[in-house]
Amino acid sequence: MSKTIILSNRLPLQISIENDKLDVTPSVGGLATGLKSFHKDGDSVWVGWPGLTEEEIPEDLKEDVQKKAKEENCVAVHLTSAEIDGFYYGFSNRTVWPLFHYFMEYTESDEEHWQIYKQVNQKYADKILELYKDGDVIWVHDYQLLLVPNMIREQEPEAVIGFFNHIPFPSYEVFRTLPWRDEVLKGVLGADLIGFHTYDYERHFLSSVSRILRHQVDFNEITLPDRIVKVDSFPMGIDYRKFEQAALDHFEKTSETKSELQRRLDHHLDATPDAKLILSIDRLDYTKGIAHRIRAYEYFLDRNPEYIEKVRLVMLAVPSRSNVPQYRRLKREVDELVGRINGKFSTVNWTPIWYFYRSMPFENLIDLYTTCEIALLTPIRDGMNLVAKEYIATRTDKTGVLILSEMAGAAHEMNEALIINPNNFEQVSEALKTAFHMPKEEQMERNKMLQKRLRRYSVEKWAQDFMKALRTTRENRDAFKSIRITPEISDEILKQFRQAEKRILFIDYDGTLVDFVDKPENAKPDEDLKELIRALNESENTDVVLISGRDKNTLGSWWQDVPVELISEHGVWMRQINGEWELAENVKSEWMDAVRPVIESFVDRTPGTFIEEKNYSLAWHYRKADPELGEIRANELSNTLKELIANRGLSVLEGNKVLEIKSSDVNKGKACTKKLVGENYDFIFAIGDDWTDEYMFRELPETSYTVKVGIKKTSARYYVEGTPRVRTLLEKFNENS
Ligand code: ADP
Ligand code: G6P
C-alpha cells in the first residue's frame with residue numbers, strides 16, 4: 001500500500017537520556033506541533049533527527065531509539081556532532097535562517113558549512129530513497145532541507161514530491177546575496193509542488209526563480225525543460241479541536257486537579273482582581289522581537305504609570321539553538337532587560353515581568369493561554385506564528401485580546417486582532433491600552449470571527465489542501481496534451497523513417513538545435529551540430545530544411561559550408577542547397593518606418609531589450625530584461641502594435657522572449673506546406689520550440705511527426721525535454737538511414 005513519507009530535520013519527538021534511560025518529550029516549534037496531527041491521523045512515516053548526536057547515544061541504546069521512534073511511526077536519522085555543527089548550527093541556522101528572516105547582518109557565508117549542509121541533505125535524501133516505493137508521496141519540510149527534493153528527483157524522476165517552507169522566503173534583493181543561490185533554487189525545484197504560508201513568500205520565490213535561473217514563470221507555474229512546477233500558498237493552521245478541547249477540560253478541573261502553575265495564577269487573580277495578565281510565548285529567537293517587546297513594555301509603563309500594578313507581562317521563552325552566538329547574546333540581553341525593568345518598576349506587591357526560560361508541558365501552556373486576558377506577540381519577522389492561533393482557539397468564552405505583529409504570516413488571516421508594527425513602540429503602547437480597556441462585547445465579536453476562520457482552516461485542512469494540490473499537479477503532468485518521446489515511441493518513429501521512400505525534416509534553430517543565449521549573435525552552430533546536419537542531409541532520400549525566424553544573412557553565413565536547405569524569416573527567403581537566396585514571399589517592408597519608433601520607445605524604457613531588424617520584419621527581444629518588467633512591457637507593446645497595424649496585413653508573433661512584427665502572409669506553416677507541393681514525401685517530421693513553430697504543427701498533414709521542444713501547450717503530437725534530446729533523436733535518424 002502506498003504511503004506518505006514526511007521528512008523534516010527535527011522529528012516531533014525529542015529523545016534525551018536520563019539515568020541511562022531514554023526519555024521522550026514532544027518537540028517545540030510550529031512545524032513539529034502543527035504537522036503532528038496530520039501524521040497521527042494518516043498513513044505516514046516521518047523521517048527526521050531525534051535531537052541527540054550520534055556520539056551522545058550509547059551503542060546499546062541506539063536500537064532503543066529506533067524502537068521509540070517506530071512506536072510513533074517515525075524513523076530516526078542519526079547525525080554526528082560534526083554534522084550538527086556544520087549543517088544545523090552552521091548553514092541552516094547561521095546562513096539560511098537569518099537571511100530568510102532579513103537579518104543580513106547575522107548571515108554567514110561559510111564554504112565548509114555549505115559542504116556539510118549538502119552532505120547532510122544527501123544523507124536525508126538517501127534515507128528517503130531507502131524507504132521509497134512506487135506510488136508513495138514524499139513531503140519535504142523546511143529550510144534545513146532545501147536540496148533534498150532535487151536529490152530525490154535525480155534518483156526517482158517519477159516520484160511525487162512536495163516541499164513546504166515554514167519560514168519566510170525573502171525578496172529577491174535579499175536572496176540574491178546568497179553565494180549558493182542557484183544550487184538552493186535548483187534543489188527546491190526538484191519538487192512538483194512548493195508551498196509557502198503566504199502569497200508574499202510565494203511571490204518572492206517566483207521572482208527569484210525567474211531572475212536567477214531565468215525559468216519561464218506563468219502566474220504560479222514554473223516551466224522546466226522536463227516538468228512544470230507549481231507554487232502556491234497554504235497558510236498553516238492548528239489542530240483547533242485539540243486546543244479547544246484542552247481549554248474546555250481545563251475549566252472542568254477542581255482545586256485538587258489543577259496544576260501548580262494554575263494555582264499560582266489563580267492566587268494572583270484573587271489578590272488583584274482588576275489587574276490583567278499579558279502573555280508572551282516564543283522560542284528564544286531574535287526573529288521573535290522579544291527584546292523589542294520588553295522595551296516597548298517599558299515605554300508603555302514609563303508613559304502610562306497608572307498601569308503600574310495593573311498589568312503583568314508573563315513571558316515564556318523556550319531555549320533554542322543555544323550554540324549559535326546570536327542566540328546566546330539574545331539570552332544575555334533578555335536576562336538583563338528583564339532584570340533592569342523589574343528593578344526599575346517593581347513595588348513591594350508587584351513585579352512587572354514574570355519570566356520563564358524553559359519548555360513547558362502542554363497542560364501549562366493551556367493554563368497560560370486560558371488565564372491571560374491579553375496576548376502580546378511581536379515578531380520582527382515570522383513565517384506564520386502558531387502561538388497566535390493557539391491563543392485564540394483556547395479562548396472558549398470568546399474573551400481575550402490578541403496583539404499581533406504585522407510581520408507574522410498569521411497577521412494576514414487574523415485581521416480582527418490588534419495588528420501592530422513591532423518597531424513602533426508608541427503603537428504597541430497604544431494597543432496595550434486599547435486591549436486593557438476593550439469591552440467584552442467587542443472582544444467576543446472579534447474572536448468569534450477569528451475562531452470561525454481558524455476552526456475551518458485547521459491543520460488537517462491545510463495538509464489535505466496541500467496533498468490535493470500535489471496530486472492534481474501530478475495528474476496534470478501525466479495528462480499533458482502531447483506525448484513524451486519514450487524509447488518505444490522513438491523506435492516506432494525510426495521504424496517509419498527507415499521504411500519511408502522519401503523523407504523530409506523541418507527543423508527549427510534557436511531553442512531546438514541550440515539553447516538560447518543572452519545575445520542572439522552568440523548562438524552559432526558548433527562543429528558537432530554542423531556535422532550532424534550534414535550527415536543527415538546526405539542520407540539517401542532525405543531532405544533537411546532548417547526553418548528559422550532569423551535573418552538570411554546570419555543564417556546563411558552560419559550554414560555557409562553545410563549543404564542544407566534554409567528558410568529564413570519564417571518563410572520570406574529560401575536557400576536551396578548550396579544555392580542562392582530567393583524571395584519566397586513577395587512581402588512589403590514600408591510599414592517598418594512607422595512601427596520602428598514605437599518599438600524604440602519601448603527599448604528606451606526597458607533596459608536590456610533591443611530591436612533586431614530583418615529584411616521584412618522587426619523583432620523586439622526582451623530576454624535580458626528584468627523578467628517581470630519584460631512581460632509587462634511585452635504585453636503593453638503587443639497591444640500598442642496590434643492597434644497600430646490593424647488592417648495592414650501585418651501580425652504580431654509572440655515568440656520565446658521576443659515579439660516579432662511581420663506580414664500576416666508569412667509563417668512557417670505556409671513555408672513548409674509550399675515545400676510539399678508536388679512532392680510525395682511519405683515521412684514528414686517537424687520539430688520546434690516556440691509559438692512560431694505551432695504554424696508548422698498545425699498546417700502539416702496529420703500523419704506528420706510533429707515534435708515540441710520543452711513542456712508547453714502545443715499542437716504537436718510529441719514532445720522532448722530539451723535541446724540535448726533533439727540532438728540524440730537526430731543522431732538516431734543518422735544511424736538508421
Ligand atoms: P516557531 O515555529 O518559530 O517556534 P510558532 O509560534 O509557529 O513558532 O510555533 C511554536 C510552537 O511551539 C507552538 O505550537 C507552541 O505551542 C509551542 N511552544 C511554544 N512555547 C512553548 C513552551 N514553552 N513549551 C512547550 N511548547 C511551546
Ligand atoms: C521553526 C522552524 C522549524 C523548527 C522550529 C524549532 O518552526 O520552521 O523547522 O523545527 O522552528 O527550531 P529547532 O531549531 O529547534 O528545530
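Each ligand, and each atom within it, is numbered from 1 in the order the structure gives. One-based numbering along the sequence shown.
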Check each of [options] against [X] using the side chain to side chain contact (heavy atoms under 4.5 Å, CB included) test, and report the only one that passes.
X	options	result
F300	L313, V428, V311	V311
F38	F466, W462, W139	W139
Y124	L79, L147, L129	L79

Mind checking whether Y117 and F91 have parallel, tilted or perpendicular rings, split at 30° and 60°?
-> tilted
So, does Q144 sit close enough to ligand 2 that a heavy atom of it is under 4.0 Å from the ligand?
-> yes
Is it the side chain (CB and beyond), the backbone, both or neither of R283 that lies under 4.0 Å from ligand 2, heavy atoms counted?
-> side chain
With backbone taken as N, CA, C and O and side chain as the heavy atoms from C-beta onward, which portion of I167 lies under 4.0 Å from ligand 2: side chain, backbone, both, or neither?
-> side chain
For ligand 1, is R358 a contact, meaning one of its heavy atoms is under 4.0 Å away?
-> yes
Any E390 heavy atom less than 4.0 Å to ligand 1 = yes
Answer yes if the ring centres of [X] and [Y] are under 6.0 angstrom apart, and no otherwise.
X	Y	result
W97	Y88	no
Y199	H412	no
F205	F196	yes

Say whether [X], considering both its backbone and side-chain N or O atoms, lies within less than 3.5 Å of an N or O atom on ligand 2.
X	result
R10	yes
Y143	no
N93	no

Presence of salt bridge, E298 and R340, under 4.0 angstrom | yes
Hey, are E260 and R263 close enough for a salt bridge, meaning a charged N less than 4.0 Å from a carboxylate O?
-> yes
For [atom], closest protein heavy-atom neighbour:
atom	result
atom 7 (O) of ligand 2	G30 N, 3.5 Å
atom 12 (O) of ligand 2	R321 NH2, 2.8 Å
atom 3 (C) of ligand 2	D142 OD2, 3.3 Å
atom 26 (N) of ligand 1	L365 CD1, 3.6 Å
atom 6 (O) of ligand 1	L386 N, 3.1 Å
atom 9 (O) of ligand 1	G30 N, 3.1 Å
atom 14 (O) of ligand 2	Y88 OH, 2.5 Å
atom 27 (C) of ligand 1	V28 CG1, 3.6 Å

Any salt bridge (Lys or Arg N to Asp or Glu O under 4.0 Å) involving residues 353-366? Give me the pairs, sequence neighbours left out, ordered by first then second residue.
-> K253-E363
Give the single entry among D285, V318, T287, L284 that approaches atom 20 (N) of ligand 1 most closely by any heavy atom.
-> V318
The one among H197, K288, R283 that brings a heavy atom closest to atom 8 (O) of ligand 1 = K288
Need the ligand 1 atom indices (1-based, order shown) with element for anything under 4.0 Å from a heavy-atom of [X].
X	value
I281	19 (C), 20 (N)
M360	22 (C), 23 (N), 24 (N), 25 (C)
T33	11 (C), 13 (C), 14 (O)

Answer with side chain, backbone, both or neither: which part of D282 has a heavy atom less than 4.0 angstrom from an atom of ligand 1?
-> neither
Distance under 6.0 Å and angle within 45° of ring axis: K242 vs F362 | yes
So is there a nitrogen or oxygen of L316 less than 3.5 Å from a nitrogen or oxygen in ligand 1?
-> no
When only distance counts, is V387 in polar contact with ligand 1, meaning an N/O pair under 3.5 Å?
-> yes
Can you sort out which atoms of ligand 2 are near H166, meaning under 4.0 Å from one of its heavy atoms?
-> 8 (O)
Shortest non-hydrogen pair, Y172 vs S207, comes out as CB-OG, 3.7 Å
Shortest non-hydrogen contact between V229 and L189, atoms and distance | CG2-O, 3.7 Å
State, yes or no, whether a side-chain contact exists between L7 and V148 at a heavy-atom distance under 4.5 Å.
-> yes
Any side-chain donor-acceptor pair under 3.5 Å between E56 and T53?
-> yes
